[in-house]
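Encoded as structure tokens, the structure appears first; notes follow it.
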Amino acid sequence: AGGPIIAEDQARKREMRLLKNREAARECRRKKKEYIKCLENRVAVLENQNKALIEELKSLKELYCQQKTD
Amino acid sequence: AGGPIIAEDQARKREMRLLKNREAARECRRKKKEYIKCLENRVAVLENQNKALIEELKSLKELYCQQKTD
Amino acid sequence: MANPRKFSEKIALHTQKQAEETAAFEQIMREVSDATSKVPKQHLLINQSLGSYRGGSLPNVNHIGSNSVDLKVGNYG
Amino acid sequence: MANPRKFSEKIALHTQKQAEETAAFEQIMREVSDATSKVPKQHLLINQSLGSYRGGSLPNVNHIGSNSVDLKVGNYG
DNA sequence: GCCGGCTGACGTCAGCCTGT
DNA sequence: ACAGGCTGACGTCAGCCGGC
């Protein structure tokens with residue numbers, strides 16, 4: 001009868017799904033890793049900008065206070 | 001003979017390792033998730049501080065320029 | 001050493017840096033606020049109403065269950 | 001909408017915000033630099049040697065293979 | 001040395017959301 | 001409704017590194 005034939009089709013369908021999901025999982029892990037690197041790099045950039053802004057604020061404050069005493 | 005007994009010990013050793021590694025994997029995934037949340041929260045905090053510092057720098061610059069014209 | 005393997009140490013390093021940077025941030029904000037509160041010369045004008053408005057909406061990383069701490073900045077007026 | 005599921009969209013949002021913030025950062029730095037370069041009154045003193053030193057070491061996230069861009073800040077003197 | 005704790009990477013299952 | 005793409009979470013294997 002046609003039973004085993006249908007079973008073979010379902011088996012191939014399942015293997016296809018597993019293969020697709022396998023590759024998708026690899027790409028997903030890669031993207032997640034890249035996202036973490038993006039976050040760490042963004043933290044580093046914001047850190048440097050914060051330090052530079054604070055230093056600039058200190059300098060400008062000193063200039064402002066010095067000029068205020070004139 | 002003592003063959004099967006040794007095999008049973010090795011099997012229990014293996015199951016013990018698998019169990020330990022299972023729980024370790026759960027805790028590791030939890031810590032990784034917490035680390036990502038930490039990074040995202042840190043980015044948000046640095047973002048707000050950056051904006052506040054830029055606004056403060058703008059205000060102080062205007063005050064400095066205004067007083068410079070006296 | 002600067003980039004540990006364990007996630008616990010990474011979190012510890014980030015929280016420590018965040019605490020230090022927040023302290024330096026609040027300190028410089030207070031210093032600038034104190035310096036600008038003392039009126040320049042003897043003008044005595046109250047021109048600080050607009051121009052120093054800090055009311056940005058917070059980024060809101062996850063909105064629920066994000067364990068966010070110190071997200072909003074204080075008003076150093 | 002603000003917190004997409006796909007990692008690609010998250011990365012895109014972060015890179016976009018980083019570009020905007022970097023532009024605003026460089027702009028305000030140039031403005032302050034231009035405002036301070038014009039000597040206050042007619043004093044004409046060169047007192048800008050010390051006090052505006054920017055030479056911090058960079059955080060250095062991974063030191064290898066981190067694809068770090070725009071990590072160092074420029075010298076707006 | 002070797003052994004155990006943590007983590008990187010894999011494949012699989014279950015679930016959400018979008019487009020058809 | 002239903003199939004398909006992405007991702008969250010699981011268990012397993014392999015590998016690194018610190019402590020015994």
Side-chain angles (χ1 to χ4, degrees), chain A residues 2-3 5-44, chain B residues 2 5-44, chain C residues 1-18 59-69, chain D residues 1-18 59-68:
Chain A
I5 299 178
I6 298 179
E8 279 188 13
D9 276 2
Q10 285 182 351
R12 267 180 286 182
K13 289 279 185 179
R14 169 180 166 82
E15 286 191 18
M16 266 303 181
R17 276 174 36 199
L18 291 184
L19 176 61
K20 283 282 184 181
N21 189 248
R22 215 177 311 172
E23 300 172 357
R26 270 197 291 264
E27 201 63 20
C28 186
R29 285 191 296 265
R30 193 180 176 213
K31 286 289 180 183
K32 187 172 187 178
K33 189 176 174 182
E34 183 183 351
Y35 172 61
I36 296 179
K37 294 290 181 183
C38 169
L39 283 178
E40 292 174 340
N41 175 62
R42 185 160 162 73
V43 166
Chain B
I5 299 178
I6 299 179
E8 279 187 12
D9 277 1
Q10 285 181 352
R12 268 180 285 182
K13 290 277 186 180
R14 169 180 166 85
E15 286 191 18
M16 265 303 185
R17 276 174 38 196
L18 291 183
L19 176 61
K20 284 281 185 180
N21 189 248
R22 216 176 310 172
E23 300 171 357
R26 270 198 290 265
E27 201 63 20
C28 185
R29 284 191 296 265
R30 192 176 178 229
K31 287 290 180 182
K32 186 172 187 176
K33 191 176 175 181
E34 183 182 351
Y35 173 62
I36 295 179
K37 294 290 181 185
C38 169
L39 283 178
E40 291 173 341
N41 175 61
R42 185 159 161 74
V43 166
Chain C
M1 182 267 185
N3 219 49
R5 283 186 54 218
K6 294 178 61 62
F7 288 135
S8 311
E9 303 177 4
K10 292 187 179 183
I11 296 176
L13 281 182
H14 276 287
T15 49
Q16 176 184 354
K17 280 191 177 182
Q18 182 160 340
N60 213 347
V61 181
N62 231 349
H63 202 74
I64 47 109
S66 68
N67 292 330
S68 299
V69 284
Chain D
M1 180 269 186
N3 220 53
R5 282 187 55 219
K6 293 177 62 60
F7 288 135
S8 311
E9 303 176 3
K10 292 186 179 183
I11 296 177
L13 281 182
H14 276 286
T15 50
Q16 177 184 352
K17 280 191 176 182
Q18 180 160 343
N60 211 347
V61 180
N62 232 347
H63 201 76
I64 47 107
S66 70
N67 292 329
S68 299

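What you see is a predicted model; the values in this text were computed from it and never measured. A note on names: the letters A, B, ... follow the listed sequences, proteins ahead of strands, and every chain is numbered from 1.
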How many whole angstroms separate atom CD of B/E23 from atom P of E/dG4? 15 Å

Shortest non-hydrogen contact from C/I11 to B/K31? CD1-O, 4.2 Å

Taking all non-hydrogen atoms of both residues, which atom of B/I36 and which atom of A/Y35 are closest, and how far apart? CG2-CE2, 4.4 Å

Do C/R5 and F/dG18 share a donor-acceptor pair, side chain to base, under 3.5 Å? no

Verify the contact: side-chain N or O of A/K33 to OP1 or OP2 of E/dA9, cut-off strictly under 4.0 Å; return yes or no. yes

Step by step, would you call C/K17 with A/V43 a side-chain contact (heavy atoms from CB on, under 4.5 Å)? CA-CA 11 Å; C/K17 280 191 177 182; A/V43 166; over 6 Å; no

Without decimals, in angstroms, what is the distance between A/E27 CD and E/dC10 P? 11 Å

On DNA chain F, more 5' by nearest nucleotide between A/A25 and B/A25 is A/A25

Go through it in stages, so that I can follow the logic: the residues are B/N41 and C/Q18, the test is side-chain contact (heavy atoms from CB on, under 4.5 Å), and I'd like the CA-CA distance, side-chain angles, deciding distance and then a yes or no. CA-CA 10 Å; B/N41 175 61; C/Q18 182 160 340; 3.8 Å; yes

Is any side-chain nitrogen or oxygen of B/R22 closer than 4.0 Å to OP1 or OP2 of F/dC10? no

In whole angstrom, give the distance that lies between atom CZ of B/R30 and atom P of F/dC10. 11 Å

Using the test side-chain hydrogen bond (donor to acceptor under 3.5 Å, both in side chains), find all partners of D/Q16 that sit at least two apart in sequence or belong to another chain. D/E20

Given E/dA9, is OP1 or OP2 found less than 4.0 Å from the side-chain N or O atoms of A/R26? no

With side-chain contact (heavy atoms from CB on, under 4.5 Å) as the test, pick out the partner of A/L19 among A/R17, A/E15, A/E23. A/E23

Shortest non-hydrogen pair, D/K10 vs D/P4, comes out as CE-O, 2.9 Å

Here DNA chain F, pairs taken as Watson-Crick or G-U under 3.5 Å and shown with ( ), [ ] when crossing and | when to another strand, reads ||||||||||||||.|||||

Residues of residues 7-16 of chain C with any non-hydrogen atom less than 4.0 angstrom from an atom of DNA chain E: list those, numerically ordered, please. C/F7

Can you tell me how far P of F/dG8 sits from CD of B/E34, to the nearest Å? 17 Å

Give the residues of residues 14-21 of chain A touching DNA chain E, defined as any heavy atom closer than 4.0 Å, sorted by residue number. A/R14, A/L18, A/N21

Which residues pass the salt bridge (charged side-chain N to carboxylate O under 4.0 Å, His left out) test with A/R30, sequence neighbours left out? A/E27

Picking from E/dG11, F/dG11, E/dG8, which would you name as closest to the side chain of A/R29? E/dG11

Just the rounded figure in Å: distance from P of F/dC6 to CG of D/N3. 18 Å

Under 4.0 Å from OP1 or OP2 of F/dG18: is there any side-chain N or O of C/K6 that close? no

Touch check for A/K31, heavy atoms < 4.0 angstrom, all strands: base, sugar-phosphate only, or nothing? nothing

Residues that D/E9 engages under salt bridge (charged side-chain N to carboxylate O under 4.0 Å, His left out), provided they are two or more places apart: none

